[in-house]
Participant: 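Mind looking over this structure? Questions follow.
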Amino acid sequence: MSAPDTTVLRARVLPRLYRDSVALMALASATEKRDGVRRVGAVMATPGNLEILERSSMRPDDLVAAPDDLLLVVRADDEEIAQEALDSAEAGLTAVEQSTGERAEQLPQSIAEGVAAADGATLATISTPGAYAPAVVEQSLRNGLHVFCFSDNVSIEDEVRLKRLAVDRGLLLMGPDCGTAILDGVPLGFANVVQRGSVGIVAASGTGAQEVSCLLDVAGCGVSQLIGVGGRDLSVEVDGLMTHHALDMLSADDETKVVVVVSKPPAPAVAERLLARLAILGKPVVACLLGLPDSDGPVVVRGTLEGGAIAAAELAGHPLAIEAAATPDLDVPLSGGVLGLYTGGTLASESKVILGAAGVHAEILDLGDDEFTAGRPHPMIEPAERSARVAAAGENPLVGLVLVDLVLGYGASADPAAPLAEAVRAARAAAASDGRELVVVGSVCGAPDDPQGIDQQRAVLRDAGVLLHPSNASAARYAATRATVASTGALSSSPKEDA
């Protein structure tokens, strides 16, 4: 039986104050580090954000806010801590540097002003709340700009309308909810520092594109362009509007010799049209569609990210060998079931595919999903929530193996391995004190030139006892092998409550 919740939940509404989602995630992360603060939400009070707060028990009953208001929500140990946290967060939002007496530069207040001020600009990045993003996207497109739209919670109707506008104008609309792109060597969003090369990637998948591009970097063939299109582009409603437009661009790009499309499985009719288009692209093509059976033909189809990268590297003349890690005890039964705690959604999906194909029951969580990130930073930016769940897994007798990922690159935490390693040590110690062994298995999605330092990050995890593999698929296969000699049951993956 869980102890009653004695925390307090307090909110503050800042009328008609706007900050973009990246700034709000950083603010929430900083405020959540205060002693006695359990969770922080910093969001624009749009209906979608309020619904997410409601689902995560972070919306006060008496809250009244309009969509253009900024909302701060704090759950803390007591009233004083909550109010101090709200004061600190508000100060961080509204602080203005003292005037030095010199005339301050007037920043652009609209897309049109920005285009006028930045002579030669060709692209706009947008991270406004979803309710406002369509208007800004449309302004950008009508001003002749390609668009990288990080914003989510954009309606499917707006997405279709705006992508049709982009295609008509010969422009890219990457997104909504696009996390990764690399255009002419310039990284956007969560992207890795990979070498330039001959493989062009079109991706309805963020961390899936990162995994493929990093594995290609290992092979030495590199990436010509990486065009994110948003996770819904291959849905029935959107019907691949931007995927097909991006393919047209890559078909005409002399630097692109091989093309890879990365996605979860499209709707059947959309997949049929996509594969037909790829077959006549005029360049070697790999369709990396998670969960589909591997096949060879006019279009090479691979059902894992690893398989897609290997096939693309082969076509580009840079064979890629993924060597299995030297991991022990393949025939030793686990003490419990398999639990996946992922920061990358597509990496989580790939593990589900591999474990499912092996007949292994597992609970795989994408901790970057909305239900886990209401008003708080994505776990690739702030790893504390994932670390707490890893530590708690050591106290759960139903868990015998924990699968984890670590995603490096621009936008990600500066040192994601350190908190994960600390949590792994705590989890393994807790299991050992109960007479059990907890196996922790994972991989690092990154490139040698990423700012975090991939070798250092891997060394930190190995020192903590993580069995590291060269790819996420390899880690999932190892987990499947270990699990097939163990009896698994239902898992509980939430941090343990006080009894």
Side-chain angles (χ1 to χ4, degrees), residues 211 215 290-291 303-307 310 321-344 346-367 386-387 389-407 417 420-421 423-445 458-494:
E211 177 82 343
L215 290 175
L290 289 187
T304 66
L305 303 171
E306 179 193 79
I310 291 173
I322 304 293
E323 297 181 3
T327 45
D329 303 328
L330 281 173
D331 58 349
V332 177
L334 299 174
S335 64
V338 176
L339 170 64
L341 296 172
Y342 278 85
T343 63
T346 313
L347 299 176
S349 295
E350 182 182 42
S351 291
K352 287 182 181 178
V353 166
I354 292 170
L355 290 162
V360 175
H361 169 77
E363 184 172 5
I364 307 295
L365 299 182
D366 168 17
L367 297 175
R386 198 267 292 272
S387 296
R389 288 176 178 270
V390 170
E395 301 180 19
N396 188 340
L398 295 177
V399 178
L401 185 147
V402 178
L403 266 172
V404 294
D405 62 342
L406 197 75
V407 184
L420 177 57
V424 168
R425 288 191 179 93
R428 285 168 54 82
S433 68
D434 195 31
R436 296 178 289 109
E437 179 190 16
L438 180 68
V439 179
V440 183
V441 183
S443 66
V444 178
C445 175
R458 284 173 171 159
V460 169
L461 294 181
R462 287 193 182 100
D463 287 347
V466 179
L467 302 179
L468 280 183
H469 287 253
S471 70
N472 180 65
S474 176
R477 285 195 298 269
Y478 175 81
T481 301
R482 289 295 302 269
T484 55
V485 294
S487 176
T488 61
L491 300 180
S492 173
S493 58
S494 298

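We number each residue from 1, following the sequence as shown.
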Participant: Kindly determine whether Arg482 and Val441 satisfy side-chain contact (heavy atoms from CB on, under 4.5 Å), including the steps that lead there.
Facilitator: CA-CA 11 Å; Arg482 289 295 302 269; Val441 183; over 6 Å; no
Participant: Do the non-hydrogen side-chain atoms of Leu215 and Ile322 ever get within less than 4.5 Å of each other?
Facilitator: yes
Participant: So, for Glu395 and Ala430, which heavy atoms are closest and what is the spacing to 0.1 Å?
Facilitator: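 Of all heavy-atom pairs spanning Glu395 and Ala430, the closest is CG-CB, 4.0 Å.
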Participant: Once you round to the nearest 0.5 Å, how far does CG of Leu334 lie from CG of Leu438?
Facilitator: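 Between Leu334 CG and Leu438 CG, I get 9.5 Å after rounding to 0.5 Å.
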Participant: For Asp434 and Arg436, indicate whether the former's side chain and the latter's backbone hold a donor-acceptor pair under 3.5 Å.
Facilitator: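 Here the side-chain-to-backbone pair does not exist.
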Participant: Applying side-chain contact (heavy atoms from CB on, under 4.5 Å), run through Leu403 and Val338 and close with a yes or a no.
Facilitator: CA-CA 7 Å; Leu403 266 172; Val338 176; 4.3 Å; yes
Participant: Looking at Ser471, is its backbone amide N or carbonyl O close enough to the side chain of Glu306 to form a donor-acceptor pair, meaning the two atoms are under 3.5 Å apart?
Facilitator: no
Participant: Suppose we screen for side chain to side chain contact (heavy atoms under 4.5 Å, CB included). Which residues come up paired with Ser349, at least two apart in sequence or across chains?
Facilitator: Lys264, Leu290
Participant: For Ala480 versus Ala358, what's the shortest heavy-atom pair and its separation?
Facilitator: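 In terms of heavy atoms, the two residues are closest at CB-CB, 3.8 Å.
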Participant: Might you point out which heavy atoms bring Ser387 and Ala423 nearest each other, and give the distance in Å?
Facilitator: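 Nearest pair, atom of Ser387 first, then Ala423: O-CB, 3.2 Å.
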Participant: Any salt bridge between Asp366 and Lys352, counting N to O under 4.0 Å?
Facilitator: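 Judged by the 4.0 Å cut-off on N to carboxylate O distance, Asp366 and Lys352 do not form a salt bridge.
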Participant: When rounded to the nearest 0.5 angstrom, what distance separates CG in Leu365 from OH in Tyr342?
Facilitator: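 Taking CG in Leu365 and OH in Tyr342, the distance rounds to 11.0 Å.
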Participant: Taking side-chain contact (heavy atoms from CB on, under 4.5 Å) as the criterion, tell me which of Leu401, Val399, Asn396 meets it with Leu339.
Facilitator: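 For Leu339, the side-chain contact (heavy atoms from CB on, under 4.5 Å) test succeeds with only one of Leu401, Val399, Asn396, which is Val399.
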Participant: Heavy atoms, side chains only, cut-off 4.5 Å: are Glu350 and Thr346 in contact?
Facilitator: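 Result no, sub-4.5 Å side-chain heavy-atom pair not found.
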Participant: Under the rule for salt bridge (Lys or Arg N to Asp or Glu O under 4.0 Å), what residues qualify as partners of Arg458, not counting sequence neighbours?
Facilitator: none
Participant: Check the pair Arg386 / Asp405 against side-chain contact (heavy atoms from CB on, under 4.5 Å), numbers first and verdict last.
Facilitator: CA-CA 10 Å; Arg386 198 267 292 272; Asp405 62 342; 3.0 Å; yes
Participant: Not counting sequence neighbours, which residues clear salt bridge (Lys or Arg N to Asp or Glu O under 4.0 Å) with Arg428? List them please.
Facilitator: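 Counting only residues at least two positions away or on another chain, Arg428 forms no salt bridge (Lys or Arg N to Asp or Glu O under 4.0 Å).
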Participant: Determine, stepwise, if the pair Asn472 / Leu305 fulfils side-chain contact (heavy atoms from CB on, under 4.5 Å).
Facilitator: CA-CA 8 Å; Asn472 180 65; Leu305 303 171; 5.6 Å; no
Participant: When rounded to the nearest 0.5 angstrom, what is the spacing between CZ in Arg477 and CG in Leu355?
Facilitator: 11.0 Å
Participant: Please check if the side chain of Ser443 supplies one atom and the backbone of His469 the other of a donor-acceptor pair under 3.5 Å.
Facilitator: no
Participant: Does the side chain of Val404 reach to within under 4.5 Å of the side chain of Leu420, using non-hydrogen atoms?
Facilitator: yes
